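What follows is a single structure, written as structure tokens, with notes after it.
Remember, predicted model here, so these are calculated numbers, not experimental data. Note that the numbering runs from 1 along the sequence shown for the chain.
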Amino acid sequence: MSLEAIHKAIYALLAASGDTSVGIRVAGTPTPCLVYEITSASVDLSMAGALAKNHWTIGVEVQVIGDAIQDVLTLVDDLAGTFGIPRNDVTNLCSIITSEFSVVFSVEPLDDGREDAARIGTISLTLLVQED
């Protein structure tokens, strides 16, 4: 199982909750939206010839960006539900389960020239991924 397939599976889960960008918010994307990055990936490799499947530990950081804290909280709750149950991605041939979900909140100025500030919930996820 490739890291690319894992990335596609994570993107699909996030994109189901709203506008999703990788790494940086695309200019003009309306809020609320999601911006995420895979921050770490490690794999336990099986021995050649053994009937074992690879297991990945994936670190993901997701920024939930909104104009109002209620929008951010709604998306954080949605993502907690999405990642709170094991997922089987038949397209990318992997199973995903969350071993850690944490969130911190902040406020940052918007880069669109407005005088307002964005409310941000930064979610840190640790995912355990197995090839199917």
Side-chain angles (χ1 to χ4, degrees):
M1 169 184 46
S2 70
L3 192 54
E4 180 182 8
I6 294 170
H7 187 269
K8 288 178 181 179
I10 293 168
Y11 179 84
L13 286 171
L14 292 170
S17 291
D19 288 329
T20 302
S21 301
V22 180
I24 190 167
R25 181 178 167 205
V26 176
T29 302
T31 58
C33 64
L34 307 172
V35 177
Y36 81 101
E37 193 77 58
I38 292 178
T39 57
S40 64
S42 63
V43 63
D44 297 324
L45 296 172
S46 58
M47 293 175 36
L51 294 176
K53 297 183 178 186
N54 292 340
H55 296 86
W56 288 80
T57 302
I58 306 292
V60 181
E61 185 174 282
V62 182
Q63 287 189 321
V64 179
I65 303 168
D67 293 330
I69 191 65
Q70 293 83 0
D71 296 335
V72 173
L73 292 171
T74 297
L75 272 176
V76 167
D77 286 342
D78 288 350
L79 292 175
T82 296
F83 287 96
I85 58 174
R87 299 290 177 160
N88 185 353
D89 187 316
V90 295
T91 303
N92 295 296
L93 302 175
C94 63
S95 295
I96 299 173
I97 190 165
T98 303
S99 69
E100 183 180 349
F101 184 105
S102 64
V103 61
V104 296
F105 297 94
S106 61
V107 178
E108 293 184 17
L110 292 170
D111 59 359
D112 61 3
R114 297 187 307 180
E115 298 294 321
D116 198 5
R119 280 55 177 187
I120 300 172
T122 303
I123 299 169
S124 294
L125 290 166
T126 301
L127 305 175
L128 304 177
V129 184
Q130 175 184 296
E131 65 179 317
D132 288 341

Who passes side chain to side chain donor-acceptor pair (under 3.5 Å) against [X], sequence neighbours left out?
| X | value |
| --- | --- |
| Tyr11 | none |
| Asp89 | Asn92 |
| Asn88 | none |
| Gln63 | none |

Please list every donor-acceptor pair under 3.5 Å in which a side-chain atom of residues 74-87 meets a protein atom from a residue at least two apart or in another chain.
residue, atom, partner, partner atom, Å
Thr74, OG1, Gln70, O, 2.9
Thr82, OG1, Asp78, O, 3.0
Arg87, NE, Thr82, O, 3.0
Arg87, NH2, Thr82, O, 3.2

query: For Ser102, which residues count as a side chain to side chain contact (heavy atoms under 4.5 Å, CB included) partner, sequence neighbours excluded?
result: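 Result, side chain to side chain contact (heavy atoms under 4.5 Å, CB included) vs Ser102: Glu100, Ser124.
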The side chain to side chain contact (heavy atoms under 4.5 Å, CB included) partners of Leu3 (sequence neighbours excluded) come to Ile6, Ala41, Trp56, Ile58
Residues passing the salt bridge (Lys or Arg N to Asp or Glu O under 4.0 Å) test with Arg119, sequence neighbours excluded, are Asp116
Do Phe101 and Phe105 belong together in a cluster built from hydrophobic side chains that touch within less than 4.5 Å?
-> yes
ILVMFWY cluster, Ile69 and Val62 together (side-chain gap under 4.5 Å):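 Linked, Ile69 and Val62 end up in one cluster.
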Side chains of Leu125 and Tyr36: closer than 4.5 Å at any heavy-atom pair?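 Counting from C-beta outward, Leu125 and Tyr36 never come under 4.5 Å.
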Beyond-backbone contact of Thr122 with Glu61, side-chain heavy atoms, under 4.5 angstrom:
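Touching, per the 4.5 Å side-chain cut-off.
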Rounded to the nearest 0.5 Å, what's the gap from [atom1] on [X] to [atom2] on [Y]? Could you check?
| X | Y | atom1 | atom2 | answer |
| --- | --- | --- | --- | --- |
| Ile65 | Thr31 | CD1 | OG1 | 8.5 Å |
| Cys33 | Asp71 | SG | CG | 10.5 Å |
| Leu128 | Cys94 | CG | SG | 12.0 Å |

Supply the members, apart from Val104, of the Ile/Leu/Val/Met/Phe/Trp/Tyr cluster built from side-chain contacts under 4.5 Å; use none for a lone residue.
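Via sub-4.5 Å side-chain contacts, Val104 links to none.
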Taking every heavy atom of Val72 against every heavy atom of Gly121, the minimum-distance pair comes out as CG1-N, 3.6 Å
- prompt: Taking all atoms of both residues into account, what is the closest heavy-atom pair of Val60 and Ile10, and its distance?
  reply: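 Answer, listing the atom of Val60 first, then Ile10: CG2-CD1, 3.9 Å.
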Which residue pairs satisfy the salt bridge (Lys or Arg N to Asp or Glu O under 4.0 Å) criterion with at least one member in residues 4-14, sequence neighbours excluded?
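For residues 4-14, and leaving out neighbouring residues, the salt bridge (Lys or Arg N to Asp or Glu O under 4.0 Å) pairs sorted by first residue read Glu4-Lys8.
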Residues 31-42 vs salt bridge (Lys or Arg N to Asp or Glu O under 4.0 Å), sequence neighbours excluded, gives none
Could you pull out all donor-acceptor pairs under 3.5 Å where a side-chain atom in residues 12-22 meets a protein atom, sequence neighbours excluded?
residue, atom, partner, partner atom, Å
Thr20, OG1, Leu14, O, 3.4
Thr20, OG1, Gly18, O, 2.9

